[in-house]
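Encoded as structure tokens, the structure appears first; notes follow it.
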Amino acid sequence: MSELHHDETDVLIREQGYNDHFHDHPHGDKYQSNFITHYIFSQDHKIIARQFLITGIFWAIVGASMSIIFRLQLGFPDDSVAWLKPLLGKWITVNDAGIGSLNPDFYYALVTMHGTIIVFFVLTAGLSGTFANLLIPFQVGARDMASPFLNMLSYWFFFLASVVMFISLFLNTGPFSGGWTAYPPLSALPEASSGSGAGMTMWLVSLTLFVVSVLLGGINYVTTVLNLRTKGMSMWRMPLTVWALLVTAILGILSFPVLVSGFFLLMFDRGMGTSFYLSEIFVNGHALENVGGSPILYQHLFWFLGHPEVYIIILPAMGLVSEVLSVHSRKPIFGYKAMVYSILAIGFLSFLVWAHHMFMSGVNPFISNFFVIFTLIIAVPSAVKVFNWISTLYKGNIRFTSAMLFAIGFVSMFISGGLTGVFLGNSALDIQLHDTYFIVAHFHIVMGIAAFFGMFAGVYHWFPRMYGRFMNETMGRIHFWVTIVGAYAIFWPMHYMGMAGVPRRYYRFDTFDAFSHFHGLNQFITIAAIIVFSVQILFVFNFFYSIWKGKKMTTQNPWGANTLEWTAPIKPIHGNWPGNLPTVHRWAYDYSKEDAEKDFIQQHIPMTEKEKAEGEDHG
């Protein structure tokens, strides 16, 4: 019996590239599951992708709502916000005249939680968790992830992290309020502020659970790409989406444990009397016993994750945009191998630039020079990608779908946001610009808005693959144009405020003569933020409405794309494909080829004799 099983395995490896274990349940559409195992504790990568996406959408609404509340405080500091008291309770103080004002401590809690939620829960879990789960098995030709069970655990650790963080919002002392970077001593001393007690403890627990989720997912993604590619799918035939998600997973595996080590030392300082980050601290005139620690140590540990985290966020968006641009311009991606090498270069260099966040922390200027050089060098592979995206669009037969508009918008945001990074990467200029609104403008455009644009492009493009229906294109176009105009209206003026020295994280500016003349600009930014937030609600409506009422997908390949996910049945099945896995014969970007019957040739279509003779293998 064992010999027979061994022979079957050998045949599978010869025919399909690897033993996909599908002979145990070959009829994917006959796979039995109930509501609990199918939709809740699912081990199917397609359902888990939906779980990550919908949880990410929930957190995006929460995080964006917080930003609207603190923008109201900045733009209209004297206007009453008593109408928010039913929602925020004691954090809104109403005076005898009925004028309600936002508690300053809670203002800082809102800023802190907004950053934490958007960076980690939305743009890391929501973006990578969704598209790594959806696309990696589909695009490499696998039945599922290497370990579906670990994949399920990855989502549920993220869900647990979400629950803990959400509960912290309702603590009597308030959520953590020491900034999303959680610098000591505000994070290390429970008595430092109202949010530094239980709020900080729950913040640490939540993010530690989140890191477990990232590691479980990352190990799965890397293993799947390296071991479960279908027959013919060499590394050089993989779509750029898979390359980007692979490098993203590797970055997470290498950098997030360093953050957790920093968190553990922080927990020791908070509860065990150690002094890793504390030294010569006075609280209310009383000297603490802590001596010998350094908060700079925490900064090094945090930013060793913090800068790779920037690319953990932006690389998946880059991969999605590369695919969408190629499909909807009906052209091969320009410079495929250069794009791959630039992804790898960005991944490598991202570990050599972390201290450019710390130029003002007392780091030796000669050490700063090292980080300045590598910060400028990392702009080179990013510039290669921008050049190749523009070249892909050049003379293309462009289809301006909602996905394509957001992909083009991503390129615009990445260029304009990236250029300001050249200023901040210079340690001399950073003396003036550090901790000003220039920083806020830079990282929101290049990392925040750009990543959201890549995510939106991916959602609009792969929505039919997820739900078998299309999102409404009219609402999609309104969503795009209001978002791109509004995003520039919000963040472009902040550059000028930053160059004038306006500091970030201040509760109000009208009490400072030097900054009070920016009151009108702050009002303009707040109004623009409210408009942009409103159109995101339109996107959420479009998303959920289209799940049930959207136009049905009637063909397997509605966009005329080449990658393998568009060869799977319209109605998703367990194991992705009935029968044998597709065999790959070509790269993913054969668009608009001469003598071809259509303007696309999918990866599973065998090469013609002419193509073989001309050596058009690309893999």
Side-chain angles (χ1 to χ4, degrees), residues 28 31 33 37-60 121-159 162 213-214 216-225 228 239 241-242 244-246 248-249 252 312-313 315-317 319-320 323-324 403 451 454-471 540 543-544 546-547 550 553 561 563-566 568-577:
Y31 176 73
S33 63
T37 59
H38 186 74
Y39 287 109
I40 301 177
F41 296 109
S42 175
Q43 296 186 34
D44 188 318
H45 71 100
K46 301 179 288 295
I47 300 297
I48 294 172
R50 297 186 203 179
Q51 291 175 322
F52 270 107
L53 180 56
I54 291 173
T55 309
I57 288 173
F58 165 78
W59 276 119
F121 289 0
V122 181
L123 294 179
T124 302
L127 180 50
S128 288
T130 299
F131 290 103
N133 270 292
L134 178 70
L135 296 181
I136 286 177
F138 266 135
Q139 293 195 339
V140 302
R143 296 292 182 192
D144 207 305
M145 286 293 179
S147 173
F149 180 72
L150 281 188
N151 209 23
M152 178 190 73
L153 285 182
S154 173
Y155 171 73
W156 284 103
F157 268 103
F158 168 48
F159 186 82
S162 297
S213 166
V214 171
L216 289 173
I219 292 167
N220 228 348
Y221 306 152
V222 172
T223 306
T224 304
V225 172
L228 298 190
T241 38
V242 178
L245 292 165
L246 171 64
T248 299
I312 288 169
I313 288 172
L315 277 174
L320 299 174
E323 179 69 18
V324 171
M455 190 173 181
F456 288 138
V459 170
Y460 282 108
H461 184 77
W462 278 283
F463 190 88
R465 182 65 278 169
M466 280 192 276
Y467 292 104
R469 294 177 183 268
F470 293 90
M471 293 183 71
V540 174
F543 180 87
F544 288 104
S546 299
I547 291 175
M553 176 177 164
T563 43
L564 295 179
E565 72 270 27
W566 304 109
I570 295 173
K571 185 177 180 181
I573 62 170
H574 179 72
N576 294 338
W577 290 273

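Numbers here are sequence positions counted from 1. Predicted model only: the values in this text are computed from it and were never measured.
Not less than 6.0 angstrom separates the ring centroid of F138 from the ring centroid of W566. Remark: aromatic rings of F470 and Y460 are distant, center separation not under 6.0 Å.
In this structure, the side chain of R50 engages the main chain of M466 through a donor-acceptor pair within 3.5 Å. Remark: side-chain polar atoms of T241 are not paired, donor with acceptor, to backbone N or O of G319 under 3.5 angstrom. Between the side chain of T223 and the main chain of I219, a donor-acceptor pair closer than 3.5 Å is present. In this structure, the side chain of Q51 engages the main chain of I40 through a donor-acceptor pair within 3.5 Å. The backbone N or O of S147 lies less than 3.5 Å from a partner atom in the side chain of N220, making a donor-acceptor pair.
A side-chain contact (heavy atoms from CB on, under 4.5 Å) with L135 holds for exactly one of V242, L320, V140; it is L320.
By the side-chain hydrogen bond (donor to acceptor under 3.5 Å, both in side chains) test, T130 pairs with no residue at all, sequence neighbours left out. When the side-chain hydrogen bond (donor to acceptor under 3.5 Å, both in side chains) test is applied to T55, the partners found at least two apart in sequence or on another chain are Y155. Shown here are the ring-ring contact (aromatic ring centres under 6.0 Å, His included) partners of F157, two or more places apart in sequence or in another chain: there are none.
Across every non-hydrogen atom of I47 and S42, the tightest pair is CB-OG, 3.4 Å. In this structure, A132 and M145 approach most closely via the heavy-atom pair O-CE, 3.3 Å.
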Given side-chain hydrogen bond (donor to acceptor under 3.5 Å, both in side chains), test E565 with W462 step by step and report yes or no. CA-CA 9 Å; E565 72 270 27; W462 278 283; 2.7 Å; yes
Decide yes or no on ring pair (Phe, Tyr, Trp, His ring centres under 6.0 Å) for F158 and F121, but give the supporting numbers first. CA-CA 8 Å; F158 168 48; F121 289 0; 5.7 Å; yes
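F52 CZ to S128 OG: the interatomic distance, rounded to the nearest 0.5 Å, is 9.5 Å.
For the residue pair H574/D144, the side-chain donor-acceptor check at 3.5 Å is not satisfied. With hydrogens and angles left out, the side-chain atoms of N133 and K46 include no donor and acceptor closer than 3.5 Å.
Using bins of under 30°, 30° to 60° and over 60° for the plane-to-plane angle, the ring pair F543/Y467 lands in the perpendicular bin.
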